[in-house]
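Here's the structure, in structure tokens; my notes come after.
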Amino acid sequence: MAETDPAPVSVVPAPRLFRDERAGPALGVYLPAMAVFRFVGLVRNVVLAWFIDKSQFGLLLLALLIVNVLAPITSLSLHEAVTRYVPMFERLGALRWYLRRVVPMLLVIALTTTALLALTAHPVGNWLFRSLETSPVSAATSQGAIAGGEIAALTRWVAATLFALACYNFVMGTLRGLRMFRALSLMELTQTALFTGGAIAVACFGPASARTIVLTYLAAFVAATSVFGLALRRRVRGWPEQQAALTDREHVARRMLRYSVWTAIAAVAWQTLQIYPTWYLNKVHGHEAIAVFGGMRTIAQGVLLAATPVITVVMTMVTRAWEAEGREAADRRFRLAFKTTVLVLLAGSAVVAALRHPIMRLFPASYGQGAIVAQPLLLFFLLAADLTFLSIQFSLIEKTRLLMWPWAAGVAANVVTAWLWVRPAGPGRRLSMSEQLMPTAMAGVVAMAAALVVCLLLLRMEQRRVDRGSWVVMAAGFALYLPWQAGLA
């Protein structure tokens, strides 16, 4: 099965930055770094809201959300498969052989998909970004940044950003799989610092628009990927224990694609579930409504963003425990991490809900109306954190294709509820901001709850037990919204 690689190896001692971490030290490094990462992102959005036009801010938020939806397609989520299988090939001593087979596969897939998007930029861009209530004439006057060919130009830059993001995610996925959380943390901080600095500089001193800020997003990905990708390559090439060569190349490619294709489909459905309320709000009410909704969404999304680094660390450690210690040890660690994390997120959400009005004063005064949707948005992202955590179970049993069903059920529920509740004003009537935003937020809550129910049913079918404590902490999340209903009526 394995043979010695005849290529000479120049042994490079592992720098501290590229050494694997145990669970405790990993959390000690990664969680503080991600706290800084999220805080910098929040500061960036607040500053941009003050310095660029509200319509452009809404368009920028929509563009970044669309990048998240399309990212799994451009790479077929190969980075998720890398995170899953890198520990296995590391254990076999064939990490270098494995990465040399996977990198060309990623580049071909990413180049093909992003080139296709760039070639169809005009029709696809109109469908993605144009509001239904925006006529060609009004687009030329009130939405100058996307009038005429500008919407196609924005879409092409989004396509370029997606290619850079595919490469960035691949390096990140490898670092996660190797438990190199110091390098992972520094890479994410580097990218967000470059993006934040560039975006604020453009907003303050340059031609500020959604398109120019997307360009700074692209540049940040290119810079971070180049620096850390080359450093990781040097580390792997000089790793004497990882120079074995395997013979079943076709089997590896098939296994990777089988895992990643289903993961990509599920990821697209998952991202669509998260952004559909915002995207549909744009279709019905335009970019300014997105800007106000997006201000509160930026704050509430902190619930999910806070959970993401914990989930990243837990998935890596649980996967290794599954491989090395068996199912029972992995399950014990998973259940403890799930309950602890959800309780902490619930407490944090309650604090944000209580302070929603003072928090929204960070934004310009016209964004303050977004506080009306604080509770449903917090519940939406708390349920999303539950779902993201539970999805680790499907990765462990190598049935990621099942993830498609919860997300698809949620998207279907979102489409139906948004169509029923998020309606245009009608002739001679103008809806208040509350009437525009609240139905959008509630449609998202119903959709996310539907996805959670389907996820739990599938886990039961696969005989993956959810213990009583986990049921209790998930149910407690709904108390976040119920006590505030009278105040929102």
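Given the structure is predicted, the values throughout are model-derived calculations rather than measurements.
Side-chain atoms of S75 and N169, non-hydrogen and from C-beta on, never get closer than 4.5 Å to each other. With a 4.5 Å cut-off on side-chain heavy atoms, F129 and T155 count as touching. Side-chain contact between V36 and V40 is present, with at least one heavy-atom pair separated by less than 4.5 Å. Annotation: side chain of L61 is not in contact with side chain of F293 (no heavy-atom distance under 4.5 Å).
Residue pairs meeting the side-chain hydrogen bond (donor to acceptor under 3.5 Å, both in side chains) criterion with at least one member in residues 337-355, sequence neighbours excluded: K339-D467. Pairs of residues two or more places apart, or lying in two chains, never qualify as salt bridge (charged side-chain N to carboxylate O under 4.0 Å, His left out) while including a residue from residues 369-392. Counting only residues at least two apart or on different chains, no salt bridge (charged side-chain N to carboxylate O under 4.0 Å, His left out) pair has a member in residues 405-422.
With sequence neighbours left out, the side chain to side chain donor-acceptor pair (under 3.5 Å) criterion links E435 to R429, S432. Residues passing the ring pair (Phe, Tyr, Trp, His ring centres under 6.0 Å) test with W405, sequence neighbours excluded: none. Qualifying side chain to side chain donor-acceptor pair (under 3.5 Å) partners for T272, counting only residues two or more places apart in sequence or in other chains: none.
Between K283 and N126 the shortest heavy-atom distance is NZ-O, 3.8 Å. What you find for T225 and M187 is that their closest heavy atoms are CA-CE, 4.1 Å. Taking both residues in full, the closest heavy atoms of F195 and I213 are given as CE1-O, 3.6 Å, listed atom of the first, atom of the second, then distance. When all heavy atoms of V284 and P424 are compared, the pair lying nearest together is CG1-N, 3.6 Å. Across A49 and F363, no two heavy atoms sit closer than the pair CB-CD2, 3.7 Å. A pairwise comparison of heavy atoms in A476 and L346 identifies CB-CD2, 3.8 Å as the closest pair.
A distance of 12.5 Å separates CD1 of I73 from CD1 of I109, quoted to the nearest 0.5 Å.
Taking the six-membered ring for Trp and the full ring otherwise, the centers of F228 and Y168 sit at least 6.0 Å from each other.
W407 and W270 have tilted rings, their planes meeting at an angle from 30° to 60° on a 0 to 90° scale. Between W279 and Y276, the two ring planes are tilted [angle within 30° to 60°].
Counted within 6.0 Å of CZ on R423, heavy atoms from surrounding residues, nucleotides or ligands total more than 12; the atom is thus considered enclosed.
When the options V103, L175, L178, T174 are evaluated for a side chain to side chain contact (heavy atoms under 4.5 Å, CB included) with V82, the one that passes is T174. Checked against V373 for a side chain to side chain contact (heavy atoms under 4.5 Å, CB included), the options M438, M442, R297, R356 give a single hit: M438.
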Exercise for the section: Show your working on side chain to side chain contact (heavy atoms under 4.5 Å, CB included) between V102 and Y85 and close with a plain yes or no. Expected result: CA-CA 11 Å; V102 176; Y85 289 112; over 6 Å; no
